Amino acid sequence: MPELPEVETIVSALRDGRSEYHASVVGLTVGDAEVLWPKTLAAPTEEEFQTRIREQMITGLSRRGKFLVFCLATDHLLIHLRMSGDLRLEGIQDESGNPKPFDKHDRLALNFTEGSRLVFNDTRKFGRVWLAKDPVDITGNLGPEPLDESFTAQQFHQMLTARGRQLKPLLMDQTFIAGLGNIYTDEALHLARLHPLSQSSQITPDQSGGLLEAIRAVLSEGIRRNGASIDWVYRGGDFQNHFRAYGRTGEPCPECGTLIERLVVGQRGTHICPNCQPIL
DNA sequence: CATCAACCCTGAGAGC
DNA sequence: TGCTCTCAGGGTTGAT
């Protein structure tokens, strides 16, 4: 499931033309778009999308939370990969000069005038694409970026204690803090030795500081390892081989050897060490 | 404001 | 072999 580190990995590779993307998308000009699964396009209408995106050059690419933000000449293209979304950059034609057929779960494609295309593939059809003048229209309700150095432990503590919620659902709330999903939340809580059901209002300044450090540590490690590849969505990362708690039910905790337990918190499968993460 | 359930989808894995 | 059933998972929406 693409979370902040997976999106960051894709964004930086696509921008710099690294790994499976052998060229950068920056500088390419959109010829036309093909919408293969209409619900993928969140806004505007398909008709308006087609006419507006035509002849726009990609001038930059960045990330906000789990959104990819493509800066175009006069618009912004935003993509949220949700559960199973992925992006592919490939030639429009095969070696023989024939049009390359789409794969089974391809949902939307941008054909570039340079002869390549960017294909959005999404098995589960949860991913969405927007075209907007101002990206803030889409991302405006997101919380702060956890890796932003101007975001301080004092602010974080103030935010946590201002709310009365269970820690895990609060951390996964994108309007509270942007970019954390199920995997990195479990990993950060384990590293910070905090229980996912603990009340945010009860957290001490030290614990808030430790939690922010832990969030930054697991996100940074995820980015360094090019993200995690789990289920059948494989894109080259190897953070999945270094999980502390996530998906390790019945296996020993790396800190103390106690067996990792699975519980359900806020409708999400949750993994904890009952010894390292006592309930407050 | 917090919590909870339903919904959107598909493929994997279990059970038969 | 192949059928049916259950479930995960991010985010949105609506009910309590």
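Here the structure is a predicted model, which is why all the values come from computation and not from measurement. First the proteins, then the strands, lettered A, B, ... as listed; each starts at 1. Just so you know, these numbers use all the heavy atoms, side chains as well, and skip hydrogens, waters and symmetry mates.
A straight line from CZ of A:F176 to C1' of B:dC1 spans 14 Å, rounded to a whole angstrom. In this structure, the CG atom of A:D173 is 12 Å from the C1' atom of B:dC1, given to the nearest Å. The interatomic distance linking A:L171 (CG) with C:dG11 (P) rounds to 13 Å, in whole Å. Separating the CD atom of A:Q166 from the P atom of B:dC4 is a distance of 6 Å, rounded to the nearest angstrom. With rounding to whole Å, A:D122 atom CG is found 16 Å from B:dC8 atom P. One can place CG of A:L81 at 16 Å from C1' of B:dC9, the figure rounded to the nearest angstrom. The nearest whole Å value for the distance from the CG atom in A:L142 to the P atom in C:dG10 is 16 Å. Going from atom CG of A:L78 over to atom P of C:dG10 covers 20 Å, rounded to whole Å.
Residues meeting the salt bridge (Lys or Arg N to Asp or Glu O under 4.0 Å) test with A:R82, sequence neighbours left out: none.
Looking at heavy-atom distances under 4.0 Å, A:G164 makes contact with sugar-phosphate atoms alone, never a base. Across all strands, A:R165 comes closer than 4.0 Å only to sugar-phosphate atoms, never to a base (heavy-atom distances). Counting any heavy atom pair closer than 4.0 Å across all strands shown, A:R268 reaches a base atom.
Remark: ring of A:F126 overlaps the six-membered base ring of C:dG10 in a stacked fashion, centroids less than 5.5 Å apart, planes less than 30° apart.
For the residue pair A:N121 and A:D86, no side-chain donor N or O sits within less than 3.5 Å of a side-chain acceptor on the partner. No hydrogens or angles considered: nothing links the side chains of A:D206 and A:T204 as a donor-acceptor pair under 3.5 Å.
Contact between the side-chain N/O atoms of A:K104 and the OP1/OP2 oxygens of B:dG11 is found at a separation under 4.0 Å. When the side-chain nitrogen and oxygen atoms of A:H105 are compared with OP1 and OP2 of B:dT10, none of them lie within a distance under 4.0 Å. Under 4.0 angstrom from either OP1 or OP2 of C:dA8 there lies no side-chain N or O belonging to A:Y246.
Between A:P2 and A:G85, the shortest heavy-atom contact is CG-O, 4.1 Å. Looking at every heavy atom in both residues, A:P144 comes nearest to A:F151 through CG-CE1, 3.8 Å.
With B:dC9, C:dG11, C:dA8 as the choices, the nucleotide that has an atom nearest any side-chain atom of A:K39 turns out to be B:dC9. In this structure, of C:dG10, B:dT10, B:dC8, it is B:dT10 that holds the atom nearest to the side chain of A:T123. Side-chain proximity of A:R163 to the nucleotides B:dA2, C:dT12, C:dG9 is greatest for B:dA2. Checked against C:dG9, C:dG11, C:dG10, the side chain of A:M172 finds its nearest nucleotide in C:dG10. Of all nucleotides listed (C:dG11, B:dG11, B:dT10), C:dG11 comes nearest to the side chain of A:H80. Nearest nucleotide to the A:R124 side chain, out of B:dC1, B:dT3, C:dG9: C:dG9.
At a cut-off of 3.5 angstrom, counting only N and O atoms as typed in the model, there is a donor on one side and an acceptor on the other between the side-chain of A:Q267 and the base of B:dA5.
Linking ILVMFWY residues whenever their side-chain heavy atoms come closer than 4.5 Å, directly or via other members, leaves A:I138 and A:I177 in distinct clusters.
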